[in-house]
Amino acid sequence: MRIVLLGAPGSGKGTQAQRLQLKYSVPQVSSGDLLRDAVARGTELGVKAKAVMDAGQLVSDDIVLGLIRDRLSRPDAMTGFILDGFPRNIKQADSLNALLAELDQPLDAVLLLDVRRETLIQRLAGRRICPKCGSVYNVHTLPAGTTTCANDGTELYQRADDKEEVIGKRLEVYEQQTRPLVEHYSKLGLLRAIAGEGELDDVFERMEAAALAKPVSPAKVKVKRTSAPTAPPTAGAGRSSKAKQSVAKSKSKNAVQAKTARKTNTSSGKSAAKKKAALKSKVANRSKRPTKLKVGVRSKKGTPKSKRSVKARKATKSAKRKAPRAKK
Ligand code: AMP
């Protein structure tokens with residue numbers, strides 16, 4: 001088993017790595033633990049790393065790669081390993097690839113633990129650790145008022161980078177630097193996404209199934225975002241090629257629609273102008289017609305009487321009376 005565990009801080013990588021280590025007898029190699037060990041021992045490297053870690057930032061690639069190289073070169077890692085927290089950016093992934101090629105230990109799979117942002121925050125802010133045996137607790141599940149380890153009675157502590165003000169920074173660093181690894185390993189056909197919420201045993205079962213299963217084609221891997229992007233996404237950014245195609249399609253469809261609309265508007269504009277001109281000439285012709293009948297002149301045949309003025313009708317009547325009757 002040669003696997004990488006990928007996931008945001010608080011997604012449960014460490015917990016699940018410990019279980020896999022027990023069951024499959026392969027070492028958990030945690031870059032965070034290696035760094036914390038260096039800090040605790042007060043080595044030069046540890047002193048350098050401490051401030052960066054406490055601020056929720058990433059320690060320099062060279063420092064972390066040096067620690068990982070040493071650890072993976074040890075005999076117990078020759079039969080397999082569970083990498084937890086490394087790599088954390090594309091540069092580290094490339095370095096790991098080169099190192100594993102050197103050691104002739106290619107990766108079997110990359111397991112992504114998918115957890116919602118609100119769950120991550122709740123887990124990180126509530127995490128308490130035993131400094132003696134390393135057991136991890138959460139204040140939300142501990143009996144009220146419990147402050148000591150159930151195994152050895154040691155007072156539990158909260159990691160400096162689990163303080164609320166640092167959690168936001170760590171999640172931001174994950175989104176910007178680590179999340180691109182999802183697409184990176186998906187393209188390599190190594191990624192397997194696992195729902196990381198629910199009972200620990202259920203998540204573990206999913207992890208095992210994913211670790212031992214055959215690779216899934218990258219096109220079939222669907223990964224949900226665990227937090228809102230920091231910048232507004234541009235059209236097509238971070239989408240699958242299929243989604244990009246559909247965006248392009250709808251864009252060109254919109255363009256065609258806009259073009260048609262423009263055309264319609266212009267032609268309707270033209271016909272409106274024509275209509276206006278026709279109406280104008282109609283009005284002009286109408287104004288040329290006589291509006292009043294001249295007195296003494298008979299109206300045109302068929303003109304309804306009602307339309308003839310009273311004056312005109314009277315004039316016609318008297319003209320008739322005056323005129324001599326024609327002999328029969
Ligand atoms: P973790 O225990 O994995 O959450 O790591 C704790 C802290 O150690 C991180 O917030 C980083 O400051 C540092 N760290 C762990 N792994 C790496 C890594 N691969 N690259 C850089 N910094 C790391």
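First listed ligand is number 1; within each ligand, the first listed atom is number 1. Just so we're clear, the structure is a prediction, and the values are computed from it rather than from any experiment.
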Check your understanding: Is the backbone N or O of Ala210 less than 3.5 Å from a side-chain atom of Arg192, with the two atoms forming a donor-acceptor pair by type?
Key -> yes
Check your understanding: Has the side chain of Tyr137 got a donor or acceptor atom that lies under 3.5 Å from a matching backbone atom of Ala150?
Key -> yes
Check your understanding: Would you say the side chain of Leu67 lies within less than 4.5 Å of the side chain of Leu45, judging by non-hydrogen atoms?
Key -> yes
Practice item. Check side-chain contact (heavy atoms from CB on, under 4.5 Å) between Leu99 and all other residues, then give those that pass, not counting sequence neighbours. Key: Ile68, Arg69, Leu72, Glu102, Leu103
Point to revise | Pairs satisfying side-chain hydrogen bond (donor to acceptor under 3.5 Å, both in side chains), at least one member in residues 149-161, at least two apart | key: Ser135-Asn151, Thr147-Glu155, Asp152-Thr154, Arg159-Asp161
Exercise for review: Applying side chain to side chain donor-acceptor pair (under 3.5 Å), name anything that partners Thr148, two or more places apart in sequence or on another chain.
Suggested key: none
Review point. Considering only heavy atoms, which protein residues lie less than 4.0 Å from any atom of ligand 1?
Key: Ser31, Gly32, Leu35, Arg36, Met53, Gln57, Leu58, Val59, Val64, Gly85, Phe86, Arg88, Gln92, Arg159, Asp161, Arg170
